[in-house]
Each structure stands twice: as C-alpha cells, then as structure tokens.
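Step one of this worksheet: look at the structure below.
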Amino acid sequence: MANPTRWATDTGPEHSQWYVDRFRRLAAEGADLAGEARLVDTLVQPGSRILDAGSGTGRVGAALVERGHTVIGVDADPVLVEAARADHPGLRSLVADLAELDLPAMGEVEPFDAAVLAGNVLAFVAVGTEPEVLRRIAGHLRPDGVLAVGFGTERGYPLTAFDADAAAAGLRLEHRFATWDLRPWRDDAPFAVSVLRRPAD
C-alpha cells in the first residue's frame, strides 16, 4: 500500500482482533448484522455479482451470499480477511487496498452489478485517497451498476466532498437516507446512506 489506511494508523495493534471478537460475539448473541445486506439485495436482481469493498470480517458479504449472490470481499487488513475466510468460507475474501484496487489483476475480470461500502469504510481509507477509492470502485461496476455507501457525517469526510468525489468518479446520486433501514434523510443526520449509479450511457 502506498499510504497506510486510517484503520491502521488511527487504531492500536490489538484493534483488528478486538473487532473480529466483537462481531463474533454479536453473531453468537443473535444480533441483526445483515441490515446493509438487506438494502443491497433490494437494489439488484437475484444472483447478482457484488463487490463488498472494505469487507472486514465478511458479515455483509456473507449475508448477500446467503441471499444467492456471488460476492467478492476486499479489505486491506489481513487479520479481518483471515477471520472472514474462517467464518464465511462461501465468501471469497481478498486482501487489497481500495485505493489501488485492480481485481482483474487478481483474476476477477468480470464487472460487478453492485458494490457496497458499509461500516464507515470511507472514514478509514488513507487520508486523501477517497476520490481514488470511489474511482476504482466505479471502474469495477458494469454500466448501470449501483453502489451503496454508508458512513458517519462527522468522521472527517464531509458529504459535500463525497458528492463531488462521487460525481468526478462518474457516479450519479439517486437516493440518500439517514440509516440503512431507509429513515428519511435530514441535513443534521449523524449518518448518511447514499445510493449511486454508474450511468448506462
């Protein structure tokens, strides 16, 4: 990676394992961990090909696999990817920096019908790489492909910057909500879920 992610620089050395343990505990307790996946599932046709960008422990991607989709998960943290491979063998999980994403070079040449950036991923990429991350993900979508993105609005990446970067990446904003369960957007919402599309023409 040319620049370390904020996930690596802004957290301690034990953070990744803590994160793995946390989500394993939540799953064991029966917590609902599939909210993002439910939304993405409504945006695509059955049996779609989906990129889980910043896939972490694989919880979103695995829920989409359970719904019949083909999912490739990508994360820069090898600890999280190792956990995803162990816990969700039906999900292909790869180690890669989203700012350098080139899945055809890793054997995944087919474009994606959709991509999802859940779990504040854009708040954890390396500072200043957000435009390139969006450009790379857009480049992996087929024409008319959709991207769902969620992140906290007070985590250092203003929505105005996100909207400009998404437009520069060739993505068109279609919807915005305050939560993954589609509560109405308001300007003072602490979280934003944006649905964007790569135009077909």
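Just so you know, residue 1 is the first one in the sequence shown, and it goes up from there. Keep in mind it's a predicted model, so treat the numbers as computed, not measured. Computed over heavy atoms, backbone and side chain alike; hydrogens, waters and symmetry mates excluded.
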Taking NZ, NE, NH1 and NH2 as the nitrogens, is one of them in [X] or [Y] under 4.0 Å from a carboxylate oxygen of the other?
{"X": "Arg198", "Y": "Asp144", "result": "no"}
{"X": "Arg172", "Y": "Glu174", "result": "yes"}
{"X": "Glu132", "Y": "Arg135", "result": "yes"}
{"X": "Asp32", "Y": "Arg59", "result": "no"}

What's the shortest heavy-atom distance between [X] and [Y], and which atoms?
{"X": "His69", "Y": "Gly47", "answer": "ND1-N, 3.6 Å"}
{"X": "Arg142", "Y": "Asp113", "answer": "NE-OD1, 2.6 Å"}
{"X": "Ala178", "Y": "Arg186", "answer": "CB-NH1, 4.4 Å"}
{"X": "Asp87", "Y": "Arg24", "answer": "OD2-NE, 2.7 Å"}
{"X": "Leu43", "Y": "Ala148", "answer": "CD1-CB, 4.3 Å"}
{"X": "Thr5", "Y": "Phe124", "answer": "CB-O, 3.2 Å"}

Legend entry - Residues Asp77, Ser16; criterion side chain to side chain donor-acceptor pair (under 3.5 Å); working and verdict: CA-CA 8 Å; Asp77 188 330; Ser16 294; 2.3 Å; yes
Quick one, [X] and [Y] - any side-chain contact, counting heavy atoms below 4.5 Å?
{"X": "Val40", "Y": "Val146", "value": "no"}
{"X": "Asp75", "Y": "Val95", "value": "no"}
{"X": "Val127", "Y": "Thr129", "value": "no"}
{"X": "Val79", "Y": "Gln17", "value": "yes"}
{"X": "Val65", "Y": "His88", "value": "no"}
{"X": "Val193", "Y": "Trp185", "value": "no"}
{"X": "Val44", "Y": "Ile50", "value": "yes"}
{"X": "Leu117", "Y": "Leu147", "value": "yes"}

In terms of hydrophobic clusters joined by side-chain contacts under 4.5 Å, are [X] and [Y] together?
{"X": "Val71", "Y": "Phe112", "answer": "no"}
{"X": "Trp180", "Y": "Leu26", "answer": "no"}
{"X": "Leu98", "Y": "Leu94", "answer": "yes"}
{"X": "Ile137", "Y": "Val81", "answer": "no"}
{"X": "Leu171", "Y": "Val116", "answer": "no"}

Rounded distance [0.5 Å steps], [atom1] in [X] versus [atom2] in [Y]:
{"X": "Ile72", "Y": "Leu91", "atom1": "CD1", "atom2": "CG", "answer": "7.5 Å"}
{"X": "Leu122", "Y": "Glu130", "atom1": "CG", "atom2": "CD", "answer": "7.0 Å"}
{"X": "Glu154", "Y": "Phe191", "atom1": "CD", "atom2": "CZ", "answer": "12.5 Å"}

Could you tell me whether the side chain of [X] and the main chain of [Y] form a donor-acceptor pair under 3.5 Å?
{"X": "Arg85", "Y": "Arg92", "result": "no"}
{"X": "Thr153", "Y": "Ala189", "result": "yes"}
{"X": "Glu29", "Y": "Ala27", "result": "no"}

Legend entry - Sequence neighbours excluded, every pair satisfying salt bridge (charged side-chain N to carboxylate O under 4.0 Å, His left out) that has a member inside residues 41-53: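 Counting only pairs at least two positions apart or across chains, the salt bridge (charged side-chain N to carboxylate O under 4.0 Å, His left out) contacts touching residues 41-53 are Arg49-Glu108.
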Inset, instruction - List the steps, then state whether side chain to side chain contact (heavy atoms under 4.5 Å, CB included) holds for Tyr19 with Thr57. - result: CA-CA 8 Å; Tyr19 189 83; Thr57 60; 3.9 Å; yes
Inset, instruction - Step through the shown structure and confirm whether more than 12 heavy atoms of other residues, nucleotides or ligands are within 6.0 Å of CD on Gln45. - result: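 For Gln45, atom CD is not crowded (no more than 12 foreign heavy atoms under 6.0 Å).
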Legend entry - Flag if over 12 foreign heavy atoms under 6.0 Å of CZ, Arg183: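 It does not: Arg183 CZ has 12 such atoms or fewer within range.
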Inset, instruction - Could you tell me how the ring of His175 sits relative to the ring of Phe177: parallel (under 30°), tilted (30 to 60°) or perpendicular (over 60°)? - result: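 Correct class here is parallel.
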Inset, instruction - Please test Arg176 against Ser194 for side chain to side chain donor-acceptor pair (under 3.5 Å), starting from the C-alpha separation and ending with a verdict. - result: CA-CA 4 Å; Arg176 176 158 289 150; Ser194 303; 2.9 Å; yes
Inset, instruction - Test Leu51 against Leu101 for side chain to side chain contact (heavy atoms under 4.5 Å, CB included), laying out the working first. - result: CA-CA 11 Å; Leu51 171 62; Leu101 190 62; 4.0 Å; yes
Legend entry - Listed partners of Phe151 passing ring-ring contact (aromatic ring centres under 6.0 Å, His included), at least two apart: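 With sequence neighbours excluded, Phe151 shows a ring-ring contact (aromatic ring centres under 6.0 Å, His included) to Tyr157, Phe162, given in chain and number order.
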